[in-house]
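Keep in mind that the numbers below use all heavy atoms, side chains included, and drop hydrogens, waters and symmetry copies.
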Amino acid sequence: MPNLSAIKIAIIDDEPSIITMLQMVLRREGFQQLYGASTCAEAISLVQRVVPDIVLLDIMLPDGSGLELCSASWSRYPKKPSTKTGSFAFSPSGTSLSRRK
């Protein structure tokens, strides 16, 4: 079983309650390195500083598109040597998921 406490997860959403809820659920499952950002600008800084293994990403953010952010982050960090995880993007309605490997 993987060491869940070593996996870095960034949660990007403009709704603080969504970030808090996801952090609570993930922490309960054993993840400990959880980071949050509510704008594209904050997310860019976070990704550069932390280089997360997994990104849970809202598509509609107040200062830009989550899809563009995902694409920009992916091109900068196409593959972390320690993991095989990818970046994920969720629609605001939660009905569609786009994954890029």
Side-chain angles (χ1 to χ4, degrees):
M1 180 163 194
N3 180 8
L4 299 181
S5 64
I7 297 173
K8 299 176 195 172
I9 301 176
I11 304 166
I12 318 301
D13 199 298
D14 59 336
E15 294 288 334
S17 61
I18 301 280
I19 294 172
T20 301
M21 183 267 307
L22 287 171
Q23 287 176 332
M24 287 172 43
V25 169
L26 292 167
R27 203 167 271 119
R28 189 174 342 136
E29 294 300 319
F31 296 97
Q32 294 178 7
Q33 296 189 58
L34 305 172
Y35 306 88
S38 58
T39 65
C40 286
E42 289 176 7
I44 290 167
S45 175
L46 175 67
V47 167
Q48 289 173 347
R49 188 177 73 253
V50 174
V51 189
D53 299 298
I54 299 170
V55 178
L56 302 177
L57 179 63
D58 189 358
I59 290 178
M60 295 174 55
L61 295 166
D63 61 342
S65 163
L67 292 176
E68 290 173 6
L69 177 63
C70 182
S71 179
S73 296
W74 189 266
S75 65
R76 183 169 179 143
Y77 304 101
K79 183 171 138 182
K80 287 188 64 174
S82 62
T83 68
K84 294 183 180 180
T85 57
S87 296
F88 293 84
F90 292 92
S91 74
S93 64
T95 58
S96 67
L97 169 69
S98 130
R99 179 178 181 183
R100 184 173 178 190
K101 276 189 165 184

Quiz item: Can you list the residues that meet the side chain to side chain contact (heavy atoms under 4.5 Å, CB included) rule with L22, with sequence neighbours excluded?
Solution: I11, I18, L56
Exercise. Quick one: list whatever passes side chain to side chain contact (heavy atoms under 4.5 Å, CB included) with T39, sequence neighbours left out.
Key: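 Result, side chain to side chain contact (heavy atoms under 4.5 Å, CB included) vs T39: A41, E42, P62, D63.
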Quiz item: Do M21 and I19 belong together in a cluster built from hydrophobic side chains that touch within less than 4.5 Å?
Solution: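 Yes, same cluster.
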Quiz item: Same cluster or not: are M24 and L34 linked, directly or through other Ile, Leu, Val, Met, Phe, Trp or Tyr residues, by side-chain heavy atoms under 4.5 angstrom apart?
Solution: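 No, no single cluster joins them.
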Between [atom1] on residue [X] and [atom2] on residue [Y], distance to nearest 0.5 Å:
{"X": "D13", "Y": "L61", "atom1": "CG", "atom2": "CG", "result": "7.0 Å"}
{"X": "Q33", "Y": "R27", "atom1": "CD", "atom2": "CZ", "result": "11.0 Å"}
{"X": "L69", "Y": "I59", "atom1": "CG", "atom2": "CD1", "result": "11.5 Å"}
{"X": "L57", "Y": "C40", "atom1": "CG", "atom2": "SG", "result": "7.5 Å"}
{"X": "Q23", "Y": "F31", "atom1": "CD", "atom2": "CZ", "result": "13.0 Å"}

Self-check item: Worked check of side-chain contact (heavy atoms from CB on, under 4.5 Å) between D58 and I12
Solution: CA-CA 6 Å; D58 189 358; I12 318 301; 5.8 Å; no
Exercise. Could you list the residues that satisfy side chain to side chain donor-acceptor pair (under 3.5 Å) with S5, not counting sequence neighbours?
Key: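 N3.
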Quiz item: Which heavy atom of A6 sits nearest a heavy atom of D53, and at what distance?
Solution: O-OD2, 4.0 Å
